[in-house]
Protein chains: 4
Amino acid sequence: MSGINKVILVGHLGKDPEIRHLEGGVAVASFPLATSETFNKDGRKVEQTEWHNIVMWRGLADVAAKYLQKGKLVYIEGKLRTRSFEDKEGIKKYTTEVVAENFTMLGRKTDFETEGAPRNGARTAETDGYRNDADDLPF
Amino acid sequence: MSGINKVILVGHLGKDPEIRHLEGGVAVASFPLATSETFNKDGRKVEQTEWHNIVMWRGLADVAAKYLQKGKLVYIEGKLRTRSFEDKEGIKKYTTEVVAENFTMLGRKTDFETEGAPRNGARTAETDGYRNDADDLPF
Amino acid sequence: MSGINKVILVGHLGKDPEIRHLEGGVAVASFPLATSETFNKDGRKVEQTEWHNIVMWRGLADVAAKYLQKGKLVYIEGKLRTRSFEDKEGIKKYTTEVVAENFTMLGRKTDFETEGAPRNGARTAETDGYRNDADDLPF
Amino acid sequence: MSGINKVILVGHLGKDPEIRHLEGGVAVASFPLATSETFNKDGRKVEQTEWHNIVMWRGLADVAAKYLQKGKLVYIEGKLRTRSFEDKEGIKKYTTEVVAENFTMLGRKTDFETEGAPRNGARTAETDGYRNDADDLPF
DNA sequence: TTTT
DNA sequence: TTTT
């Protein structure tokens with residue numbers, strides 16, 4: 001039976017998205033996202049930051065490349081996926097990623113403006129609330 | 001600023017929960033959870049299963065120990081947490097876990113009955129929809 | 001700026017879906033869904049049931065018509081939408097509905113078999129985890 | 001069996017929270033929240049705003065009274081609840097509300113500063129990521 | 001490596 | 001009635 005595998009994050013990009021193109025031309029964007037939590041410990045405020053590896057495919061990767069940047073606040077919805085790989089020493093390791101299915105930019109209007117984009121009315125419908133229509137992801 | 005780090009899963013336990021008690025008596029339960037996704041690939045049905053490491057603390061661990069079992073269908077809400085550890089060879093590795101904040105059992109009523117529990121009206125409010133009231137988790 | 005409007009429900013259908021076709025042929029399915037919550041009140045178990053009006057459009061409505069039935073357990077993801085209408089006395093009233101964006105059937109395999117469907121391997125990828133690809137909904 | 005009834009919203013307050021105290025002293029805060037969605041219709045950008053009635057109880061209401069204000073951007077998690085009431089003409093009507101279980105403020109640091117609060121370091125752990133510990137709500 |  |  002089918003199950004549910006859903007992740008909801010609101011956080012800041014730790015770096016600009018890194019874009020790769022697979023053989024066949026499929027675009028893949030990836031970047032780290034920080035979600036911080038503040039709580040009281042013995043009367044002192046403590047901040048705990050969790051880092052997530054975000055991966056975006058195809059059309060979503062293109063939009064990410066265009067609008068997401070280090071420091072931006074973003075809402076991301078996706079699913080968990082753990083895959084194995086071999087490091088340089090040939091040791092098998094595992095990594096868990098959040099494969100994004102859609103994202104929405106949060107924050108001030110100026111936050112949506114990028115270097116390469118016009119400063120007036122640059123934001124399109126696709127920038128906020130972009131939904132991946134490619135559910136035929138290769139995994 | 002604070003962010004959001006939320007995971008929502010519906011899946012089946014791959015094993016009975018494993019219960020440990022830390023020095024101080026704090027209970028920790030852990031078990032693998034499978035979420036399956038079925039999709040069409042070239043006209044054939046393909047099932048993809050993702051495995052998640054679930055961790056429950058304190059009161060939630062106690063309830064898990066009492067009611068959760070291999071094969072049960074459960075809804076879990078929690079957050080992502082990646083931690084490092086050294087394997088037996090002393091190699092540093094990372095693992096990502098879902099730290100559960102509450103869970104709800106899904107499925108038939110008979111699914112809530114366990115070996116050790118009475119067969120009549122055994123299910124209490126705590127079994128379905130248990131919420132962790134210990135937000136002072138040690139991480 | 002764009003926001004987030006998301007609803008996640010797991011519950012049982014109170015009735016079979018009711019299917020209508022708008023002028024233009026667009027299919028709309030609607031049905032009530034019950035989500036129950038059990039809690040302790042003064043030592044006694046009390047069950048509280050909340051009823052939700054679910055609406056599905058286009059392809060999702062077709063799948064609902066085919067597979068969803070009174071009593072089935074289903075996971076639904078969607079968004080809130082409040083609209084006004086006039087009752088028979090001409091009094092303006094409001095109703096809040098959950099416009100589903102995708103759903104997944106939960107429960108036993110036999111629960112996925114319907115009257116009109118073959119009893120062997122009838123379940124297709126579309127039955128569980130159907131995602132609405134029509135984001136151009138008329139509202 | 002227990003179900004899931006969960007709402008996740010990110011939006012702006014349409015008004016300051018309105019605080020009432022029930023007999024017994026229980027605090028209740030309520031306010032409208034707007035979630036906007038932008039999409040393309042025939043090449044033109046169209047914005048659709050949905051309004052939600054948010055209700056917060058007890059400790060959560062107190063925190064809301066202290067920190068939430070008209071215009072603020074906030075993440076809210078809660079559940080749906082439909083209740084009936086009689087309007088001034090004695091006509092029975094229904095209203096659906098989102099009973100918040102926790103909220104997190106989003107946006108710039110200056111957005112967390114209120115009239116009555118000191119401008120330096122005013123924000124405490126409670127302002128972002130407040131979780132309602134009173135699950136014994138009166139409904 | 002983000003943000004407050 | 002919010003925000004962009």
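Each chain gets a letter, A, B and so on, in the order the sequences are listed, and its residues count up from 1. Computed from a prediction, not measured in an experiment: that's the story for all the values here.
Between A/F31 atom CZ and E/dT1 atom C1' the separation is 13 Å, expressed in whole Å. C/N5 places its CG atom 18 Å from the P atom of F/dT2, with the value rounded to the nearest Å. We find that CD1 of D/I54 is positioned 13 Å from C1' of F/dT1, with the value rounded to whole Å. Computed from coordinates, the A/M105 CE to E/dT3 C1' distance equals 14 Å when rounded to whole Å. Counting to the nearest Å, the P atom of F/dT2 and the CD1 atom of D/I76 are 16 Å from each other. Nucleotide E/dT2 holds its P atom 20 Å from the CZ atom of A/F103, rounded to whole Å. Straight-line distance from the CD atom of D/E50 to the C1' atom of F/dT1: 13 Å, rounded to whole Å. Atom P of nucleotide F/dT2 and atom CD of D/E37 are separated by 20 Å, given to the nearest angstrom.
Looking at residues two or more places apart in sequence or on another chain, you find a side-chain contact (heavy atoms from CB on, under 4.5 Å) between A/T49 and A/A34, A/S36, A/E47, A/W51. With sequence neighbours excluded, the residues satisfying salt bridge (Lys or Arg N to Asp or Glu O under 4.0 Å) with D/D87 are D/K93.
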Q: Give the intermediate values and the outcome of side-chain contact (heavy atoms from CB on, under 4.5 Å) for residues D/M56 and D/I76.
A: CA-CA 10 Å; D/M56 295 181 172; D/I76 291 178; 4.2 Å; yes
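Among the protein residues, A/T49 comes within range of the nucleic acid bases, having at least one heavy atom under 4.0 Å from a base atom. Among the protein residues, D/G11 comes within range of no part of the nucleic acid, since none of its heavy atoms lies under 4.0 Å from any strand.
No aromatic stack links A/W51 and the base of E/dT2, using centre distance under 5.5 Å and interplanar angle under 30°.
When each of B/E50, B/Q48, B/H52 is tested with B/T35 by the rule side chain to side chain donor-acceptor pair (under 3.5 Å), just one qualifies, namely B/H52.
For D/P32, the listed nucleotide lying nearest its side chain is F/dT1; candidates were F/dT1, F/dT2, E/dT3. Each of F/dT1, F/dT2, E/dT1 was ranked by its minimum atom distance to the side chain of D/K15; first place goes to F/dT1.
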